[in-house]
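Contents: one structure, followed by commentary.
Note on naming: letters A, B, ... go to the chains in the order of the sequence lines (proteins, then strands), and numbering restarts at 1 for each one. Nothing here was measured: the structure is a model prediction, and the numbers come from that model.
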Amino acid sequence: MNPVYDVQRIRADFPILQQQINGRPLAYLDNGASTQRPQAVLDAVNYYETHLHSNVHRGVHTLSQLATDAFEAARERVRRYINAASTHEIVFVRGTTEAINLVAQSWGRSTLQPGDEIVISALEHHANIVPWQMACAATGAQLRVAPIDDDGSLNFEQYLALLGPRTKLVAMTHVSNVMGTVLPVQQIVAAARERGILTLLDGAQAVAHEPVDVRAIDCDFYAFSSHKLYGPTGLGVLYGREALLQAMPPWQGGGDMIRTVSYQSSTWNDLPYKFEAGTPHISGAVGLAAAMDYLEALGLPQVAAHEAALLAQATAALSDIDGIQIQGSAAHKGGIVSFTLAGVHPHDLGTILDHEGVAIRAGHHCAMPLMDLLGLPATARASFGCYNTAAEVDQLVRAVVRAREVFC
Amino acid sequence: MELNELYREVILDHNRHPRNFGRLDPADALANGHNPLCGDKLTVTLNLQGDVISDLKFDGNGCAISVASASLMTEAVKGRDRSSVSAMFDKVHALLTQADAPSTDLGKLAALSGVREFPARVKCASLCWHTLNAALANADAADAAAVSTE
Ligand SMILES: Cc1ncc(COP(=O)(O)O)c(C=O)c1O
């Protein structure tokens, strides 16, 4: 492991980790659901609320200017983080879910024709399935699903075979929140682009765990959530190529998104404001910017290497336990390990692990179609973040052994 | 909050060896229960003689708490009439949610009292009862209905 990566120093930055749960040190291994905030994020939000807050883009008074400056500086911070060409391409939304709904409602409803096709993968989170089903129901377009292999990787040949003259969009996850698979997004996008097909990537499980460069990936849309990137909840980002966003109609109407309004009609504001109706989550954006500063100071390649080591350790140790089955063994995985234990339902496992201070997710992970495909009602999932330690992986493994003792 | 308060021997036993597991066919009534939060699914089938549940079975897939609760429920309600089943459900519900609820008259069902210390698991234990209620409500209809705890 990287010698300069001092995980104990990193842990000290996260106040919430300094506590005991059920009399045991907290091992927070539910980062796929949401990450925790470092002091720097809490301080940035607090400073904004204490000194700078007002509404943005509308006052001439000093605070309104300060709040606007902070909000727009956050947008520039996000642009740099994902290497977008312009801040016009950074739309603040409520989260990954809203980002995808925005594209489905605005682009989808205005563009899709009966018989058009949207291709997703079998790995998708409900957030990248349901909005497309809604757009399809409204337009007569159809949803096609690219299958996966047993190890959880995308079957690339069958993906290619699905791309046809009616395919208008490929919408896929960057990293699977259930099986941990990192999809070959560059190849996925290149294949679509060659055929003139647009691409949207769900980056919810990727952006806090590896460097993401939307121009290198060359996708048309990229969606992610602040709260999975050590930032506040209630905020997310839609990246969209400027020319596409320009051509798309607004999807919500109200303040901020207009240029002129009369009782008869309105004209739209410039990008990205056309897609930001109403008062935005200003402090959230400030917090997200601080989180991006924090993560980049750690170094995303270093974070990725650290999490890869934890994944390897957990995979090896869990595999040694009788009755454990790990779901997902693709060659390229993020720090996510889903598993089942014979004779112990994942919810019971979750309760027993919690009793040992270990926080994991048990359930269908908002991916019911994938669970059906795997033939499982639920799995237990441990997911790692920048502050997790080898000792916490040991604590997880000991707790799983303990669950076996209770039940078997 | 002790783990062995939740996973008592009776519960572990009924989870490993659920009683009245399967389906009655033919059945006077059937209902499906689903807890979308957990993915727990179960089906209750029953036969009635007048107002009395003469026989019932359940099957499905769920955590130890939901399987054991369903198993215990089938033992407790078989041979009882609707009004005594309904009174029993009220008592079980109180047992699962209220700190000072008495467990008198509940027999083995009293083993579920530990669940109230684990609020996230109350729905697991009550799913079978909601499904039984739905089956009783369906008793006259030929169609199965779905019940949800969400
Ligand atoms: C892959 C993936 N997509 C989308 C989402 C939805 O994110 P949010 O609830 O923040 O909108 C999640 C989070 O659970 C996720 O893991």
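Heavy-atom distances place the side chain of A/H364, and not its backbone, under 4.5 Å from chain B. If you measure heavy-atom distances from A/I352 to chain B, the contacts under 4.5 Å come from both the backbone and the side chain. B/N15 touches chain A through its side chain: at least one heavy atom from C-beta onward sits under 4.5 Å away, while N, CA, C and O do not. Residue contact with chain A, scored on non-hydrogen atoms closer than 4.5 Å, involves the side chain of B/L6 exclusively. A/M368 touches chain B through its side chain: at least one heavy atom from C-beta onward sits under 4.5 Å away, while N, CA, C and O do not.
Looking only at side-chain heavy atoms (C-beta outward), B/V67 and A/H345 stay at 4.5 Å or farther from each other.
Within 6.0 Å of atom NZ in B/K57, more than 12 heavy atoms from other residues, nucleotides or ligands are found, so the atom counts as buried in its surroundings. Atom CZ of A/R94 has 12 or fewer neighbouring heavy atoms from other residues, nucleotides or ligands inside a 6.0 Å radius. Atom CG of A/L373 has more than 12 heavy atoms from other residues, nucleotides or ligands within 6.0 Å. Atom CG of A/D150 has 12 or fewer neighbouring heavy atoms from other residues, nucleotides or ligands inside a 6.0 Å radius.
With chain B as the partner, the residue from A/V344, A/V406, A/T351 showing the most heavy-atom pairs under 4.5 Å is A/T351.
Checking side-chain atoms of B/R121 against main-chain N and O of A/H347 turns up a donor-acceptor pair under 3.5 Å.
Nearest heavy atoms, A/D348 versus B/A64: OD2-N, 2.6 Å. Looking at every heavy atom in both residues, B/L3 comes nearest to A/R402 through CD2-NH2, 4.4 Å.
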